[in-house]
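First listed ligand is number 1; within each ligand, the first listed atom is number 1. These values consider heavy atoms only, across backbone and side chains, with no hydrogens, waters or symmetry-generated copies.
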Amino acid sequence: MSSKFSFLERIRSLAIVSLGGFGVFAAFSIYNENEKFYKQFVLPAVYILQPEQAHNLAVFVNKHSLLPQSSFKDPDALKVKLFGKVLSNPVGIAAGYDKHGEAVKGLEKMGFGFVEVGSVTPAPQPGNKRPRLFRLLDDQAIINRYGFNSEGHERVYKRLADVRFAQQHNGVVGVNLGKNKRSADPAEDYVQGVKTFAHVADYLVVNISSPNTPGLTQLQEKQQLKNLLRKVVAARNKLPAEHKPPILLKLSPDLTSEELQDVVEVVRQKDTHVDGFIVANTTVKRPHTLKSFHYKKEQGGLSGLPLKDASTKMIADVYRLTNGMDIIGVGGIYNGKDAYDKIRAGAKAVQIYTSLVYEGPTVVTKIKQELVELLRADGYKNVTEAVGADVYKRQPKWSF
Ligand SMILES: Cc1cc2nc3c(=O)[nH]c(=O)nc-3n(C[C@H](O)[C@H](O)[C@H](O)COP(=O)(O)O)c2cc1C
Ligand SMILES: *[C@@H]1O[C@H](CO)[C@@H](O)[C@H](O)[C@H]1NC(C)=O
Ligand SMILES: *[C@@H]1O[C@H](CO)[C@@H](O)[C@H](O)[C@H]1NC(C)=O
Ligand SMILES: CC(=O)N[C@H]1CO[C@H](CO)[C@@H](O)[C@@H]1O
């Protein structure tokens, strides 16, 4: 292939060539709700592709809604109210999968209760050099250092506006805001994001994911967070009432407990108050239990199974420290039990990414079915009743 052929065009033709087979397999495995079939036949075929090509192919499949609708109908027990919106189920797709807002409807069809688009940066940027995505098969994990490749605000906004305004669309969509690598003023990048996406997003996410910026003391970090949040919150508050989306903070699992306490103290103040948290982003740590010798030394953020327990523990910490603020729990969820653990630790909703790669699209339905069973077994009528069940709250619900 000539180098004039852009990467996107190559993916497009690759997708067209391989979709015949892939699409049929995937469709078949969904129709039969048959995860073994996906694991034995579809996944190995997908593994032949470079990880990034496989990801692009999957987004392509979602974009063109090539998967049939999952046959599972969300029961009332899975309904949750989050930030004034009703989710038909609490399982969302995490940021980084549909970075450019191309696959919202396909993902909803797959059974997700909500979709988080992004991270989106103001100007388009290419991200890091390839390779930048590594599969740690033995660990059911991924290391990525995409470096926030983004098509930029304008293009992503147009796509979302198409979905949201053109047809009646009542799905819940969040937008994860990023900053440009060469930004002179990061806070301004997030403010731009708030202004651009406020009326197409049900919630917005800013991150303070990178811990320990070299050279900054804890006090300086805290001051930086205050400055950032003050501007972001002010920008949101200036918007007209019908377009004032809640703002969530996405946290790094690598924050120390002192840093976490600082964050909570900041968000308690009125002018830097956020509406909830996403816990957690990928980790830069490498647990010594990792088995994949081949890739574990690659730089980047680690996601998937090795992140599970640290993320659940952090959810409980945030729930306790904030006296029950809204949390979306994410990190290493592979089944209904994993989702239930995060809900009992204080998450009102959850998200997945890495398990979708390893288990295929049927994992969404599997998580939902198992969650329904677990709630029923413990006598809960719905998800909300189980939120925070494992956490001691300083201020019990019934006291004033
Ligand atoms: C390939 C890849 C790209 C990601 N890109 C982003 C991103 O752009 N913004 C973001 O906030 N999180 C990003 N994440 C983090 C996920 O949203 C999520 O927090 C993390 O993967 C943990 O969930 P999981 O274990 O279910 O994958 C990315 C994760 C992966 C695996
Ligand atoms: C969950 O059940 C409780 C009753 O226990 C009810 O008050 C609440 O409205 C239900 N939540 C949703 C979202 O249906
Ligand atoms: C998430 O964590 C990675 C490192 O693990 C970091 O590079 C990135 O900036 C963080 N934030 C987001 C939004 O992904
Ligand atoms: C996508 C994005 O903007 N990520 C940022 C998250 O926050 C840290 C610290 O503020 C930045 O270094 C990242 O670039």
Side-chain angles (χ1 to χ4, degrees), residues 51-52 54-56 58-59 74-82 85-100 116-121 127-128 132-136 139-150 174-179 181 186 190 205-213 248-255 278-286 299-312 328-334 338-339 342 348-359 363 367 375 379-387:
E52 197 170 336
H55 173 218
N56 288 325
V59 173
D74 294 341
D76 277 350
L78 289 183
K79 214 185 271 175
V80 275
K81 217 171 157 192
L82 189 62
K85 307 274 164 180
V86 177
L87 310 177
S88 83
N89 76 74
V91 185
I93 176 79
Y97 185 85
D98 187 11
K99 279 179 188 278
H100 319 302
E116 188 169 316
V117 166
S119 303
V120 193
T121 59
N128 292 329
R132 50 193 181 175
L133 182 61
F134 307 90
R135 296 188 195 107
L136 283 68
D139 297 299
Q140 305 211 59
I142 287 176
I143 290 176
N144 93 84
R145 51 162 184 267
Y146 265 101
F148 304 106
N149 58 310
S150 175
V175 177
N176 186 305
L177 305 174
K179 67 176 183 67
K181 191 174 175 191
Y190 291 111
V205 186
V206 298
N207 90 95
I208 41 157
S209 291
S210 292
N212 311 322
T213 316
L248 314 193
L249 205 52
K250 186 160 178 176
L251 300 179
S252 161
D254 303 335
L255 294 174
I278 299 190
V279 183
N281 188 18
T282 52
T283 174
V284 295
K285 292 186 185 155
R286 296 294 178 264
Q299 273 186 24
L302 176 75
S303 61
L305 204 54
L307 191 60
K308 183 167 76 179
D309 293 342
S311 154
T312 306
I328 296 175
V330 51
I333 295 174
Y334 277 77
D338 299 341
K342 284 194 167 40
K348 272 199 167 163
V350 297
Q351 293 175 323
I352 63 167
Y353 187 147
T354 305
S355 63
L356 182 65
V357 173
Y358 285 109
E359 310 278 304
V363 75
I367 291 171
L375 288 166
Y380 293 119
K381 276 200 285 300
N382 60 31
V383 171
T384 317
E385 288 189 349
V387 172

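With a 4.0 Å heavy-atom cut-off, ligand 1 is reached by no atom of Tyr97. With a 4.0 Å cut-off on non-hydrogen atoms, Lys99 touches ligand 1 through its side chain and not its backbone. Residue contacts with ligand 3 for Thr282 involve both N, CA, C or O and side-chain atoms from C-beta outward (heavy atoms, distance under 4.0 Å). Using a 4.0 Å cut-off between heavy atoms, Ile278 makes no contact with ligand 1 at all.
Between the side chain of Asp139 and the backbone N or O of Ala141, no donor-acceptor pair lies under 3.5 Å. For the pair Asp254 (side chain) and Val284 (backbone), a donor-acceptor distance under 3.5 Å is present. Judged by distance alone, the side chain of Arg135 and the main-chain N or O of Ile142 form no donor-acceptor pair under 3.5 Å. Under the 3.5 Å distance criterion, the side-chain polar atoms of Ser150 are matched with a main-chain donor or acceptor of Thr121.
A cation-pi contact, defined as under 6.0 Å to the ring centre and within 45° of the axis, is absent between Lys179 and Phe148.
Residue Lys79 has no N or O atom closer than 3.5 Å to an N or O atom of ligand 2. Between Lys81 and ligand 2, not a single N/O pair is under 3.5 Å apart. No N or O atom of Gln351 sits closer than 3.5 Å to an N or O atom of ligand 1. Taking any N or O of Thr282, backbone or side chain, none lies under 3.5 Å from an N or O belonging to ligand 1. Distances between N or O atoms of Asn176 and those of ligand 3 include no value under 3.5 Å.
Close approach of ligand 1 to Leu307 is summarised as follows: ligand atoms under 4.0 Å from at least one heavy atom of the residue are 22 (C). Listed by number with element, the atoms of ligand 1 under 4.0 Å from a non-hydrogen atom of Lys250 are 10 (C), 11 (O), 12 (N), 15 (C), 16 (C), 17 (O), 18 (C), 19 (O). Shown in contact with Val330 at under 4.0 Å from a heavy atom are these atoms of ligand 1, numbered in order with element: 18 (C), 19 (O), 22 (C), 23 (O). Of all the atoms in ligand 3, the ones that sit under 4.0 Å from a non-hydrogen atom of Phe148 are 8 (C), 9 (O), 11 (N), 12 (C), 13 (C), 14 (O). Distances below 4.0 Å separate heavy atoms of Gly332 from the following atoms of ligand 1: 24 (P), 25 (O), 26 (O). Under a 4.0 Å criterion applied to the non-hydrogen atoms of Val284, ligand 3 contributes the atoms 4 (C), 5 (O). Those atoms of ligand 1 with a heavy atom of Thr354 less than 4.0 angstrom away are 24 (P), 25 (O), 26 (O), 27 (O). Applying the 4.0 Å criterion to heavy atoms of Ala280 picks out, from ligand 1, the atoms 19 (O). Those atoms of ligand 3 with a heavy atom of Gly301 less than 4.0 angstrom away are 5 (O). Of all the atoms in ligand 1, the ones that sit under 4.0 Å from a non-hydrogen atom of Asn281 are 12 (N), 15 (C), 19 (O). Proximity to Ile352 (heavy-atom distance under 4.0 Å) selects the following atoms of ligand 1: 26 (O).
Between the side chains of Asn207 and Tyr190, at least one donor N or O lies within less than 3.5 Å of an accepting N or O. In summary, the side chains of Ser303 and Thr354 do present a donor paired with an acceptor at a separation below 3.5 Å, with no hydrogens or angles considered. Asn176 and Ser119 share a donor-acceptor pair across their side chains, judged by distance under 3.5 Å alone.
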Working note: Lys308 + Asp338, criterion salt bridge (Lys or Arg N to Asp or Glu O under 4.0 Å); need CA distance, chi angles, decisive distance, verdict. CA-CA 8 Å; Lys308 183 167 76 179; Asp338 299 341; 3.0 Å; yes

Could you walk me through whether Ile278 and Leu249 pass side chain to side chain contact (heavy atoms under 4.5 Å, CB included), step by step? CA-CA 6 Å; Ile278 299 190; Leu249 205 52; over 6 Å; no

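In this structure, Asn176 has a heavy atom closer than 4.0 Å to ligand 1. Within the structure, the closest approach of Ser355 to ligand 1 does not fall below 4.0 Å when heavy atoms are considered.
Looking at every heavy atom in both residues, Leu375 comes nearest to Ala77 through CD1-O, 4.1 Å. Minimum heavy-atom separation, Leu251 to Val279: CD1-CG2, 4.2 Å.
Distance CZ/Phe134 to CD/Gln299: 10.0 Å, rounded to 0.5 Å. In this structure, OH in Tyr334 is found 5.5 Å from CG in Leu305, a value given to the nearest 0.5 Å. Atoms CG and CG, from Asn89 and Leu78 in turn, are 6.0 Å apart once rounded to the nearest 0.5 Å.
Protein heavy atom in closest approach to atom 5 (O) of ligand 2: Glu385 OE2, 2.2 Å.
Closest heavy-atom approach to atom 13 (C) of ligand 1 within the set Ala94, Gly178, Ala95: this belongs to Ala95. Residue Asn281 holds the heavy atom nearest to atom 11 (N) of ligand 3 of all those in Val206, Ile278, Asn281. For atom 8 (C) of ligand 2, the candidate residues are Val86, Thr384, Asn382; the nearest heavy-atom contact is made by Asn382.
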